[in-house]
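Before any comments, here is the structure.
Scope of the values below: all heavy atoms of this structure, side chains included, with no hydrogens, waters or symmetry mates. Along the sequence shown, residues carry numbers from 1. Small disclaimer: the values here were computed from a predicted structure and weren't measured.
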Amino acid sequence: MIEKLNRLAYKEWIKTRWYMLIALAVSLGMVIYIFFSIKHELNVWGATQYFANIILEKGVVVGKFKFIPVITALLIGLPQFVPEVTEKRIKLSLHLPMNNTAVIYSMVLYGFAAVAAILTVATLLLTLLMSICFPAEIIIPELQTIVPWILGGISCYFFIAMIAMEPLWRFRFVYMIFAFFVLRLFFLSYGLGNAVTAYPVLIAVTLIASSSILFTSHRFNKGDY
């Protein structure tokens, strides 16, 4: 069993390794851009005025970070699943001596781990760079604000897998609309640190998204792929 999973993981690595590097480079590049934007605004406004604006107006200075999780999900999810289905490569994976659901979910777990690892590195770099400019009283609420965006990126990845595995295009279109409106929940205009109250709902939605692939993969296994 371990050997089969290793082979499957290696196949996914071959497929996604360059996209992972691109996603990592884009993520870190955007974090560095956010840092220099903060440094510029600090120089323009002065530390006292800038900090006061953040605290009194609950301004979010890392707003551009919201694009990183979704871009990462797209860069990992699309190359991982779309060619598998459109070019029918997944037939080879499903012919492994493993349960088909186990094969598909192993692929999903691999992609989830890749997305989570890239977002973790980006968040750690953001925290490190913010510590140069801000005290903990500002850093912690800013990090609390990006959690929904990270969960949104992870949910986006799961939805990509769900949509790709759906065998019928008319249902894929419905799922795309559904995913769009669900993902909007993660990107509402939460004030600085205010997103904490929404964590339980957003975590629940993410868990539901993670299981959605079971439904469409079952339909895919029954369909004409």
What pair of heavy atoms forms the shortest contact from [X] to [Y], and how long is it?
X	Y	value
S155	T206	OG-OG1, 3.2 Å
A73	I160	O-CD1, 3.5 Å
I139	S131	CD1-CA, 3.5 Å
L183	C156	CD2-N, 3.8 Å
A136	P141	O-CD, 4.0 Å
A122	L28	CA-CD2, 4.1 Å

Would [X] and [Y] show up in the same hydrophobic cluster when neighbours are defined by side-chain heavy atoms closer than 4.5 Å?
X	Y	result
L119	L207	yes
I132	I38	yes
M176	I76	yes
Y175	F173	no
I208	L202	no

Can you confirm whether [X] sits close enough to [Y] that some side-chain heavy atom of one is under 4.5 Å from a side-chain heavy atom of the other?
X	Y	result
S27	V121	no
L42	C133	yes
K66	F186	no
L126	I146	yes
H40	F36	no
V174	I177	no
I154	P69	no
M130	V62	yes

Please determine whether side-chain contact (heavy atoms from CB on, under 4.5 Å) holds for the pair M30 and I71, giving the CA-CA distance in whole Å, both sets of side-chain angles, and the decisive distance to 0.1 Å. CA-CA 11 Å; M30 290 186 71; I71 291 173; 4.1 Å; yes
Kindly determine whether V61 and I138 satisfy side-chain contact (heavy atoms from CB on, under 4.5 Å), including the steps that lead there. CA-CA 10 Å; V61 299; I138 292 178; 5.6 Å; no
Keeping the roles fixed (side chain from R17, backbone from I14), state whether a donor-acceptor pair exists under 3.5 Å.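 Pair found, side chain donor or acceptor close to backbone of I14.
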Looking only at side-chain N and O atoms, does T16 offer a donor or acceptor that is under 3.5 Å from a partner on Y110? yes
Using only heavy-atom distances, determine whether the side chains of Q80 and Y19 contain a donor-acceptor pair under 3.5 Å.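 No pair is found: no donor N or O on one side chain lies under 3.5 Å from an acceptor on the other.
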What is the distance from atom [atom1] of [X] to atom [atom2] of [Y], rounded to the nearest 0.5 Å?
X	Y	atom1	atom2	answer
E12	M20	CD	CE	11.0 Å
S211	M162	OG	CE	10.0 Å
F187	F67	CZ	CZ	9.5 Å
I34	F65	CD1	CZ	7.0 Å
I213	I104	CD1	CD1	6.5 Å
L75	L24	CG	CG	11.0 Å

Let's go through F81 and Y157 carefully: what are the C-alpha distance in whole Å and the side-chain angles of both, what is the deciding distance for side-chain contact (heavy atoms from CB on, under 4.5 Å) to 0.1 Å, and is it a yes or a no? CA-CA 10 Å; F81 287 100; Y157 170 77; 3.3 Å; yes
May I ask you to decide if the ring planes of F158 and F112 are parallel, tilted or perpendicular, using 30° and 60° as cut-offs?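 Plane angle under 30°, so parallel.
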Would you say F178 has more than 12 foreign heavy atoms packed within less than 6.0 Å of its CZ? no
Stepwise side-chain contact (heavy atoms from CB on, under 4.5 Å) test for M107 and K15: CA-CA 11 Å; M107 294 168 62; K15 234 183 351 184; 4.0 Å; yes
